[in-house]
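Keep in mind it's a predicted model, so treat the numbers as computed, not measured. Computed over heavy atoms, backbone and side chain alike; hydrogens, waters and symmetry mates excluded.
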Amino acid sequence: MLTLLLVGLPAVIALVTGLLAVLASPWWWCAAGPALLLAAVASYDLLQRRHSILRNYPLLGHLRFAMERIRPEVQQYFIERNVDGAPFDRDTRSIVYERAKGTDAEDPFGTELELDRPGTDHLVPSMAPRPVPTEPPRVRIGGPDCARPYDMALLNVSAMSFGSLSDRAIRALNEGARRGGFAHDTGEGGISEHHLAPGGDLVWEIGTGYFGCRTEDGDFDPGKFAEKAALDQVACVLLKISQGAKPGIGGVLPGSKVSREIAAVRGVPEGRTVFSPPYHRVYRTPRELVRFVGRMRELAGGKPVGFKLCVGSRREFLAVCKAMLEEDVTPDFIVVDGAEGGTGAAPLEFADAVGLPLTEGLTTVHRSLVGAGLRDRIRIGASGKVATGGDIVKRLIQGADYTNSARAMMFALGCVQAQRCHTNTCPVGVATQDRRRARALDVEDKARRVQRFQEATVKSALQIMAAMGVDEPSGLTPAMLLRRIGPDTVRSHAELYASLEAGQLLTSASVPPSWAGDWKAAHPDRFALR
């Protein structure tokens, strides 16, 4: 036995040494390594329990997941037509990019749209066009109780918070607003140094989390509010009731994203998850809402104060109108957000199925205020997929005094509609807090692009109005916007959305039958749909 060991041991050692030498050889790994790796992956696929497709199709099943991952890019760049993409088609994105870069946003050979498709809107040109104004008009924001009115541009930066956007994106937007003389909505994430450093005019938006003006337990802090509202750059203050893409839902900011800087801006503990409830603590009834608006204006030193909502019920909004009348308190402006508006993240069910689109919401608010005799005291802003001059004119016809844009402003910053805003992996550094990704965004260059886009788009709106025979927005009427509702039927918006006379709802004998039920049921002390 000992003899065998003495004779065999060197042979075993030599064999093992030889095998190790072979395994250590790069040539062996080049040949056998990939096969072993694939065998290991296939074995894992067969044993894992999470994906049925991998258990049935080991290795090959991974191709399915790889194709699914790159599907949006393949769809956008190789399959969809110029007019097919969503939320914004390639034609719309291209016109924003071209205007932002200062190049000609013109198209040869005619439209690619199907103009006879039901639901298509058409603006009505005049046989007597007017000269294009050399200076764009501005909208005076400030009702009878406003001591410090503000002149708003026809197109402004809509709500996008620091936290959802990178610091560089916020700086570029505000610098562009400063250069172009238009307003920049802060979003509900508070006022950061990145909003303040460039010097552009701000609309300070406050949501249910009261970021920047909250107590330790999340309630509204009037002292902090008054301090920030007094900042010179804060031109207006806006109370967010609801947002277009996700009306009636709260938000969660994970503690991992609450950096020291974001915590300081929002007035929350660093590293701790922050919850924004779906409801406001400062009001429960229409009357309380109206009173709080008046209180905000006093705390803001007479600056314009308004609220933003995605309209759901005409009856509820009429209840707010009745509260305004009884309290003799009105907001200086109301921003109507359409259900087609964007967001960094929202449940698909809310984005697809909750809230009225901008056309219905805007016409509801405008006609309600007219019928209640309040329209001359309140200006209306429209927000939701505003990207072109035609979009501005359309919304002005439907009742808005001015418009706001978020996603088109993001395009001007370089957004490619990757739709990864909620993943912190934005490929162009716009919607991310990843500093490595954000550094790709050059503030100076993007600020110029934001300014050029806004200027060119407003100029386009003025050109369209001039072609319609109108010198200024007040000359636009609902009869100038047509909608195809069938193969051989076209109706004007004046026919589709019957207007009310000023104060018509205040006299019972003159209330139109289609409004009578909602007006009668609306109550200033409750938000009730029944």
Side-chain angles (χ1 to χ4, degrees), residues 88 92-105 136 152-187 189-205 231-235 259 261-262 264-265 342 344 386-389 403-418 420-421 424-460:
F88 288 84
T92 302
R93 300 197 305 271
S94 295
I95 198 172
V96 175
Y97 295 146
E98 289 166 1
R99 284 177 173 161
K101 290 183 288 188
T103 57
D104 291 335
M152 190 77 73
L154 287 184
L155 177 63
N156 307 276
V157 180
S158 195
M160 293 178 283
S161 301
F162 170 55
S164 61
L165 297 193
S166 67
D167 53 356
R168 288 173 175 260
I170 293 294
R171 284 178 179 262
L173 288 171
N174 195 259
E175 175 63 18
R178 184 191 67 80
R179 295 181 181 187
F182 50 96
H184 176 194
D185 190 314
T186 65
I191 304 174
S192 70
E193 63 172 296
H194 311 297
H195 291 98
L196 296 173
D201 294 338
L202 295 174
V203 176
W204 180 22
E205 182 173 306
L231 294 171
D232 291 338
Q233 279 179 245
V234 175
S259 64
E261 184 177 24
I262 290 178
V265 170
V386 176
T388 68
T403 61
N404 294 332
S405 175
R407 285 170 291 180
M409 293 292 180
M410 291 174 67
F411 293 147
L413 289 174
C415 169
V416 294
Q417 196 168 276
R420 296 178 183 170
C421 310
N424 207 35
T425 60
C426 173
V428 294
V430 175
T432 181
Q433 294 302 303
D434 184 330
R435 292 193 175 277
R436 182 181 64 83
R437 293 175 181 271
R439 68 181 294 274
L441 193 153
D442 183 84
V443 173
E444 176 66 21
D445 175 62
K446 302 308 181 185
R448 287 197 300 268
R449 292 191 179 206
V450 169
Q451 177 195 0
R452 284 195 293 255
F453 163 67
Q454 192 271 354
E455 181 180 0
T457 305
V458 171
K459 181 180 178 181
S460 171

Heavy atoms of other groups near Q417 CD, more than 12 under 6.0 Å
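Result for CD/Q417: enclosed.
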
Output, in order, the C-alpha distance, side-chain angles, deciding distance and verdict of side-chain contact (heavy atoms from CB on, under 4.5 Å) for L441 and V428.
CA-CA 7 Å; L441 193 153; V428 294; over 6 Å; no

Non-neighbouring partners of [X] that pass salt bridge (charged side-chain N to carboxylate O under 4.0 Å, His left out), sequence neighbours left out:
X: D167; value: R435
X: R449; value: D445
X: R171; value: E193

Does any N or O in the side chain of [X] come within less than 3.5 Å of the main-chain N or O of [Y], such that one atom is a donor and the other an acceptor?
X: T403; Y: L154; value: yes
X: S166; Y: Q433; value: no
X: R99; Y: F453; value: no
X: S161; Y: G189; value: yes

Check the pair V157, D185 against side-chain contact (heavy atoms from CB on, under 4.5 Å), reporting the backbone distance first and the verdict last.
CA-CA 6 Å; V157 180; D185 190 314; 5.8 Å; no

Return yes if a side-chain donor-acceptor contact under 3.5 Å exists between H184 and N174, otherwise no.
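Looking only at side-chain atoms, N174 and H184 do form a donor-acceptor pair, the distance falling under 3.5 Å.
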
Considering residues at least two apart in sequence or located in another chain, which fulfil the side-chain contact (heavy atoms from CB on, under 4.5 Å) criterion with R179?
E175, E444, R448, Q451

By side-chain contact (heavy atoms from CB on, under 4.5 Å), which residues pair with A183, not counting sequence neighbours?
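Partners of A183 by the side-chain contact (heavy atoms from CB on, under 4.5 Å) criterion, ordered by chain and then number, come out as Y150, M152, N156, V203.
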
Q233 and W204: CA distance, side-chain angles, deciding distance, side-chain contact (heavy atoms from CB on, under 4.5 Å) verdict
CA-CA 9 Å; Q233 279 179 245; W204 180 22; over 6 Å; no

Over all heavy atoms of both residues, which pair between A438 and T432 is shortest? Give the atoms and the distance, please.
N-CG2, 4.3 Å

Taking all non-hydrogen atoms of both residues, which atom of A153 and which atom of Q454 are closest, and how far apart?
CB-NE2, 4.0 Å

With side chains defined as the heavy atoms from C-beta onward, is the minimum distance between [X] and [Y] less than 4.5 Å?
X: V430; Y: L165; answer: yes
X: F182; Y: D201; answer: no
X: H194; Y: R168; answer: no

I170 side, atom CD1; L413 side, atom CG - distance, nearest 0.5 Å
9.0 Å

Would you check, one step at a time, whether the test side-chain contact (heavy atoms from CB on, under 4.5 Å) holds for T425 with R437?
CA-CA 8 Å; T425 60; R437 293 175 181 271; 3.9 Å; yes

What residues, two or more places apart in sequence or in another chain, satisfy side-chain hydrogen bond (donor to acceptor under 3.5 Å, both in side chains) together with T457?
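Once residues adjacent in sequence are excluded, T457 has no partner under the side-chain hydrogen bond (donor to acceptor under 3.5 Å, both in side chains) criterion.
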
